[in-house]
Student: 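Can you read through this structure? Questions will come right after.
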There are 2 protein chains.
Amino acid sequence: MEIVLSPTVKDVAREARVSVGTVSRVLARNETVNPGIRQRVEEVIARLGYRPSSLGRSLRLNKSDIIGLIIPDITNPFFAELAKHLETLASAAGYSVLLANTHDDPKAECKQVQSLLCRVPAGIVIAPVSGSLVGGILPDGLVSVTIDRPLTGHSLVAVDNFEGGRLAASHLLELGHRRIGYISGPTTTDVSIQRLNGFRGRVEEASSDRAQDLVQLTVLEGNFDYKSGEAIGRKLLQGNVGRRPTAIATANDQQAIGLLRASRDLGIRVPEDLSIVGFDDIPLASLVLPRLTTVRQPIEEIAEIAIRALLGSGPIVGPIALRPALVERDSTAPPPAC
Amino acid sequence: MEIVLSPTVKDVAREARVSVGTVSRVLARNETVNPGIRQRVEEVIARLGYRPSSLGRSLRLNKSDIIGLIIPDITNPFFAELAKHLETLASAAGYSVLLANTHDDPKAECKQVQSLLCRVPAGIVIAPVSGSLVGGILPDGLVSVTIDRPLTGHSLVAVDNFEGGRLAASHLLELGHRRIGYISGPTTTDVSIQRLNGFRGRVEEASSDRAQDLVQLTVLEGNFDYKSGEAIGRKLLQGNVGRRPTAIATANDQQAIGLLRASRDLGIRVPEDLSIVGFDDIPLASLVLPRLTTVRQPIEEIAEIAIRALLGSGPIVGPIALRPALVERDSTAPPPAC
DNA sequence: CTGAAAGCGCTAACAT
DNA sequence: ATGTTAGCGCTTTCAG
């Protein structure tokens, strides 16, 4: 059995009886090529099934057409969604996406970034873990955009988390809730802090507006996952009816879904006995029972801006804060009459 | 501002006063290098922060350390889970994963594969779309493994879907259900057909075992998504209580979750009025309300075998069919007494 | 055990 | 308008 190597510029050049330079020019859509010759070359390319090697090209240009995507966990629906849009956009522009999971581990993140840098990527999109070490190792020449979580000294594209927190609080307040719980993310992450601050700030405003109608807020810290939402939800809900919160907001949808679980197990009906509002609006949010009221992040827009920043006109200036939006579904209602 | 290029073998060689060949040998852990020189070189490498360029290396070896992962949609939890495990394994072995979504479009798939081939990947893991065209364009030299869905002429690593279908049917039958619905995937895909055949086969066995106790099976075809599960679920459930199925099996968990939605909207209680069994056991299956009984695919094992096939001892022989397992949770129960 | 040199596939500067 | 050629960073013979 004979191993057939894939054809190179040389093969094409020989077959078309032109030089490699000409082939390269045809490939580059350089207009200065004689139409007749161009056609001959294109024919040969088609006939041989020639596809230019990314490797050779990238080495020569000292820049590959790879975009690195470095995220904590592709299994998180938010990042999966983001990855999909990023990949679609990148693909349309002729780039490919290299996926790397950090599992929320700064050392793993570092290793992933190092290994990515060896590939001379065209750009890198990173959602840094808390306590990220990569700030120092990203070379100056590399275009990078951080998403979701900020990294000192790099441009951030993210939703306005503070405003998002406020939105959730406003909604609950307007429904009439006065005993409210909040499940935050790890307070080591900036996202968590922003969302919590927004939420708390709005609640405190309400409290001071009408002193006779105090709002009682209980905040508990957890991780950004289902389990955490379930476990912390249990804690918040264990008091008896008159004392436990009538509404709980969470720092992301997974927590909210975990909380839904906990409520069900505890025999607490949503939204009759308990209102729940999440954050992110992952696709699943509209599929769970009941459908989740949540604060929507414009993921597609985040992806678009990130790609534009990487491939487009130039680096973005300062952090970009996108507007969140409250999506009202079935998990929130006025508090029970009692 | 001066642009600092990353150092190359040359720089290291000059600084360490050795030849590039020696530097390369140090990198390759070649034992024939004088320990003193080796140490000197390693020092310089550390001092300059030198990292060998993947590009140069790959070009020279005509093989990159990239593994292509070509799947319909990373947003599908099953593929996200798979991607995570693959990436973790690949990363540990010094490889990176390039992600490409085909959106179930044969033409897009073709393009993605083409663009991947330009990168001379070390291997490719592909879950082909139905009507895939890539069978012809994969070069002989390339190690590839197809997962989930088969591709003629390529080695497949997947769960035994036929057996999985049987498992679901057995469970429902044993609980005593006799009016059963089945929501299949697109019958253009082999997976769907296998699962359905397994399911139907088992049901027919039961019917012939005891002729007096006929089982009534209604099969409807849909897509592998939430929406389809919801829509088709509605159709299956629209008859009145005495006629509609007391149990429905689906071809994947997303459909089952959509079906859960539909049941809730129709006021049909699960599992009291209706039993539901899914397929895949995505993480979400144990989070929904009620927790979903489902047929588990050993995703991690699939990833391991795929990676081993790509990077390990050699190509795998013939299709590998892994054992599925029934995971009993809260969405199935005996049929209502009536 | 180490150095010198060729060459992987490609592009771009230079020459014609 | 087209051909020639150097060289991107690396590995690997082949000499010494």
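Labels below follow one simple rule: chain letters A, B, ... track the order of the sequence lines, proteins then strands, and each chain is numbered from 1. Just the heavy atoms: all of them, side chains too, but no hydrogens, waters or symmetry mates, feed the values below.
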Student: Which part of the nucleic acid, if any, lies within reach of S24(B) when heavy atoms closer than 4.0 Å are counted: base, sugar-phosphate only, or nothing?
Tutor: base
Student: Can you sort out the partners of D280(A) under salt bridge (Lys or Arg N to Asp or Glu O under 4.0 Å), two or more places apart, ordered by chain and number?
Tutor: R195(A)
Student: By nearest nucleotide on DNA chain C, pick out whichever of V33(B) and L61(B) is the more 5' one.
Tutor: V33(B)
Student: Would you kindly give the CG-to-P distance between L59(A) and dC8(D), to the nearest whole Å?
Tutor: 9 Å
Student: Looking at every strand, decide which applies to N62(B) at a 4.0 Å heavy-atom threshold: base, sugar-phosphate, or nothing.
Tutor: nothing
Student: What's the closest nucleotide to the side chain of N34(A) if the choices are dT2(D), dC10(C), dT5(D)?
Tutor: dT2(D)
Student: Side chain of V20(A) only, heavy atoms from C-beta on: which candidate in dC10(D), dT2(D), dT5(D) is closest?
Tutor: dT5(D)
Student: Which atom pair, heavy atoms only, marks the closest approach of A303(B) to L86(B)?
Tutor: O-CD2, 3.7 Å
Student: Closest approach to the side chain of T32(B), judged atom by atom: which nucleotide of dG9(C), dT2(D), dC1(C) is it?
Tutor: dC1(C)
Student: Within the structure shown, what part of the strands sits under 4.0 Å from L55(A) by heavy-atom distance: base, sugar-phosphate, or nothing?
Tutor: nothing
Student: Rounded off to whole Å, could you give me the CG-to-P distance for the D65(B) and dC8(C) pair?
Tutor: 21 Å
Student: Please determine, for the side chain of S19(A), which listed nucleotide (dC10(D), dT12(D), dG3(D)) has the closest atom?
Tutor: dG3(D)
Student: Where is the tightest heavy-atom contact between F78(B) and I282(B), given as atom of each residue plus distance?
Tutor: N-CG2, 3.9 Å
Student: Here's a test of your reading of the structure: between Y50(A) and P35(B), which maps to the more 5' nucleotide of DNA chain C?
Tutor: P35(B)
Student: From dC10(C), dC10(D), dG3(D), pick the nucleotide closest to the side chain of R57(A)?
Tutor: dC10(C)
Student: Could you go through nucleotides 14-16 of chain D and list every protein N or O atom that sits under 3.5 Å from one of its N or O atoms, giving the distance for each pair?
Tutor:
none

